[in-house]
Structures are given as structure tokens and as C-alpha cells.
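Here's the structure we're looking at; comments come further down.
Counting convention: from 1, in listed order, for ligands and their atoms alike. Just so we're clear, the structure is a prediction, and the values are computed from it rather than from any experiment.
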Amino acid sequence: MGTGTLTIDLDAVGRNWRALDRLSAPTVETAAVVKADGYGLGAERVARALARAGARSFFVALAEEGAAVRAALGPGPEIFVLSGHMAGDAEMIGDLGLVPVLNTIDQLTRHLEVLPGRPYGIQLDSGMNRLGMEPAEWAAVRGLLGAAAPRLVMSHLACADEPGHPQNAAQLEAFRAMTAGLSVPLSLAATGGILLGPAYHFDLVRPGIGLYGGLPFEAAEPVAELDLPVIQWRDLEPGETVGYGATWEAEGPARIATVSGGYADGLLRAIGGSAVLWAGEVPCPIAGRVSMDLIAVEVTHLPEVPRTLSILGPQQTVDDLAAAAGTIGYEILTALGRRYRRRHLGDGSAAGPAA
Ligand SMILES: *Cc1c(COP(=O)(O)O)cnc(C)c1O
């Protein structure tokens, strides 16, 4: 096998959903965000596992993603589309029963015109200034919605991963003010917002990254493991160098294993300086630069060269890799490449810890 093996533990995804669900009151619905192909882990498989765990509402970024999730889940679960109702999407939204979260008055007008009577949500901007209606726009239209009430009115926090950030309380207050007097379900919290406490929970919470084992949900179980096969190994004399730019030099006799996997597979070039690969419990430093399809690893200290080395797993999580690359776990997960063989464990229903 020339490609790496990405192992995705669907039972761990299910357990993470249940753990997040327990952080809010039983009256608060816990949805699941499966945008960007389930944060890179496979939206269809992940959505089915989450439905088995108990999720009834799902969020995607795009109508096309909603179509894939609908095909996986069948009729029944509610699928919200965060980009709203874009021109040309009416057929997909209507035929598949997707629920666009309308971000602008233009989207609202389009939706009410082309799919009258069909469900929709509303996104309000409470201070992030990315998506959603501003207070004045919302004030202008909220009285006109009449009988066609939205399924959900939501907003998104910009700083929820920093519990002490003053913008959290400011956005909470802005959202409360904009939704005062409404009698439709409200939602403000993603993973970070769930951890901020009950004031942020409203009627529905929308975790994404915590389901997939990432920060800020510190109690999350890791979900993804990545093992890379060793293609070749060689012994070096002192002074020989490894890789592009000849940036790594053997200080003494050294053994180098070359594994299959590189920046084209989402193993960002920036991890080269500080990430390691693991032979079981033994760390093995990356030697030189990560290249497109390959990484050279120093294995001088191993009694023998293993058939595979692990780059993602219990020893080195998505957040460890993210720290090595100067980014966030979200980017590591969604960058994971298409070339890996994907292996799924479980189906989301197992309650206990993984064997
Ligand atoms: C991505 C996203 C989420 C999920 O956020 P996490 O931080 O991954 O939990 C929730 N709501 C909106 C609007 C999003 O864009």
C-alpha cells in the first residue's frame, strides 16, 4: 500500500457528540456541524454516525453539501445551509428539503419569492461582521415575516475559544436584544459557546470541531489517526544531507526512513521544523523539509525500521500538529488529503470507550 491510512473512529465521534450534549440542559437541542465534508473526515459517514448517536439537526456550509448529507441521512433530519439561499440553489433546496439560513434581505426576498411556505432560518450579525443581518436590517424585516416564521434564528460568536474575551458578553447581549420578544428557536453557540455556559445555549447548540476531537473541547476523544508507510530507508555517513535545500545534515551515522505523505496530503510544509512521527511510543524527528508526497524521518535510534510511522494519533493530536504548523486543528483536519485510504471504525452507536 503506497498511501497512508486514515482511520476515523465513528464511535468516538458519537461519544464526543453525547459528551457535548450533556453540557447543556436536556431542553437544549444539540445539532451537529458537518460542513467541509465533515471537517475532512467524510460527511456521509460522520453524519450517519451522528444521527445514530442522537443528532436530529445538521449544519452544512453549502447547498451541495446539504445534498450529500440528505442522501446519507434520508428524509427526516433537518439540514441547515449556513450560506443561505444563493441564486440557482432553489431546486436543490426545495427538492431536498434543505433549510437555508438567510443572511441578507436579498436572500430573504429570494426565498419567500421562489420557495414560498418552505422552511428557512435567519442569521443575525451580533458583532462578528461575517454573515447575517445587521440590527437595522433585521428590525426592518422582522415584523413582515408574519405566519412564515423562521425555524431558527441564530448568530455566531467570534471569540468563543477565549472565555475571558469581552466580545463574548457583548455578542450575547446584542443577540438577546435582537431576538427579544421572538417565540422561535434561538441558537448562538458552537463548540466554544457550549463551553461558555448555559447563558449561551438558548434552544439549540451547533458543535463542529469538538465532535472531531479538536480544541477548544479539551475533553474530546481523538477521532482521526494517520499512519504513513515507509517506502525506503537508507544509512547515511556523517555530513550527508537530506531533502530539498539540504537543510538536514547527519551529525553522526544516521538512518533515514522515507514515508509516503507530504504537503499535497495536508501535511503542511510548516510542520517540518517541530512535528515528529511515532513508532509506537518512540518519537522520530522529521529530517529536513516536508515535500509534496514524501517526508524523511530519522529512525537511527530504532532497533529496526517499522513498516509504518504514525503522524496523527494519541501521541500527536490534530492540535499538536496545528501547533507545529502555527495553525488551528480545524485547518489540519480539513486539509487531510484525498489520497489516503480511509478506514472507518464503528458506526457512532457504541457508548463505551474504544477498545
Ligand atoms: C463552523 C460553524 C460552527 C461550528 O463551529 P465549531 O467551532 O467547529 O464548533 C457553528 N456555527 C457556524 C455558523 C459555523 O460557521
Side-chain angles (χ1 to χ4, degrees), residues 13 16-21 23-24 28-41 43 46-47 50 55 57-63 65-66 69 78-85 98-104 107 120-133 150-163 165 167-168 171-172 174-175 185-197 200-221 223-224 317-319 322 327-336:
V13 174
N16 286 334
W17 183 86
R18 281 190 286 263
L20 286 162
D21 184 44
L23 296 179
S24 59
V28 176
E29 178 179 354
T30 301
V33 180
V34 295
K35 62 192 179 188
D37 196 25
Y39 287 47
L41 298 179
V46 158
L50 288 161
S57 299
F58 295 81
F59 286 81
V60 293
L62 308 168
E65 295 177 340
V69 173
E78 199 119 75
I79 301 172
F80 292 95
V81 179
L82 290 166
S83 58
H85 188 149
L98 307 177
V99 184
V101 183
L102 307 173
N103 293 294
T104 64
Q107 287 196 346
Y120 65 93
I122 297 273
Q123 171 141 226
L124 302 178
D125 177 47
S126 57
M128 187 171 183
N129 288 305
R130 187 180 66 168
L131 281 182
M133 296 184 201
R151 285 285 171 93
L152 185 73
V153 172
M154 58 167 274
S155 189
H156 194 49
L157 297 166
C159 307
D161 58 341
E162 294 177 60
H165 199 294
Q167 186 158 329
N168 293 321
Q171 286 196 250
L172 176 62
F175 185 60
L186 303 177
S187 175
L188 181 61
T191 303
I194 294 173
L195 301 170
L196 292 179
Y200 290 83
H201 295 170
F202 294 91
D203 301 296
L204 178 146
V205 293
R206 320 180 300 267
I209 191 72
L211 303 172
Y212 308 105
L215 289 175
F217 185 34
E218 287 182 21
E221 241 184 86
V223 165
T317 66
V318 287
D319 290 296
T327 180
I328 53 176
Y330 299 71
E331 189 178 15
I332 297 294
L333 280 176
T334 56
L336 288 171

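Looking at Asp319, its side chain never comes within 3.5 Å of a backbone N or O of Gly214 through a donor-acceptor pair.
Between Phe59 and Phe80, the two ring planes are parallel [angle under 30°; tilted spans 30° to 60°].
Among residue pairs with one or both ends in residues 187-196, those qualifying as side-chain hydrogen bond (donor to acceptor under 3.5 Å, both in side chains) are Ser187-Arg206; sequence neighbours excluded.
For the residue pair Glu29 / Ser57, a side-chain donor-acceptor distance below 3.5 Å is found, with atom types taken as modelled.
Closer than 4.0 angstrom to ligand 1 sit non-hydrogen atoms from Val33, Lys35, Tyr39, Leu82, Arg130, Met154, His156, Ala190, Thr191, Arg206, Pro207, Gly208, Ile209, Tyr330.
The side-chain hydrogen bond (donor to acceptor under 3.5 Å, both in side chains) check on Gln123 picks up Asn103, with sequence neighbours excluded. Judged as a salt bridge (charged side-chain N to carboxylate O under 4.0 Å, His left out), and not counting sequence neighbours, the contacts of Asp37 are Arg338.
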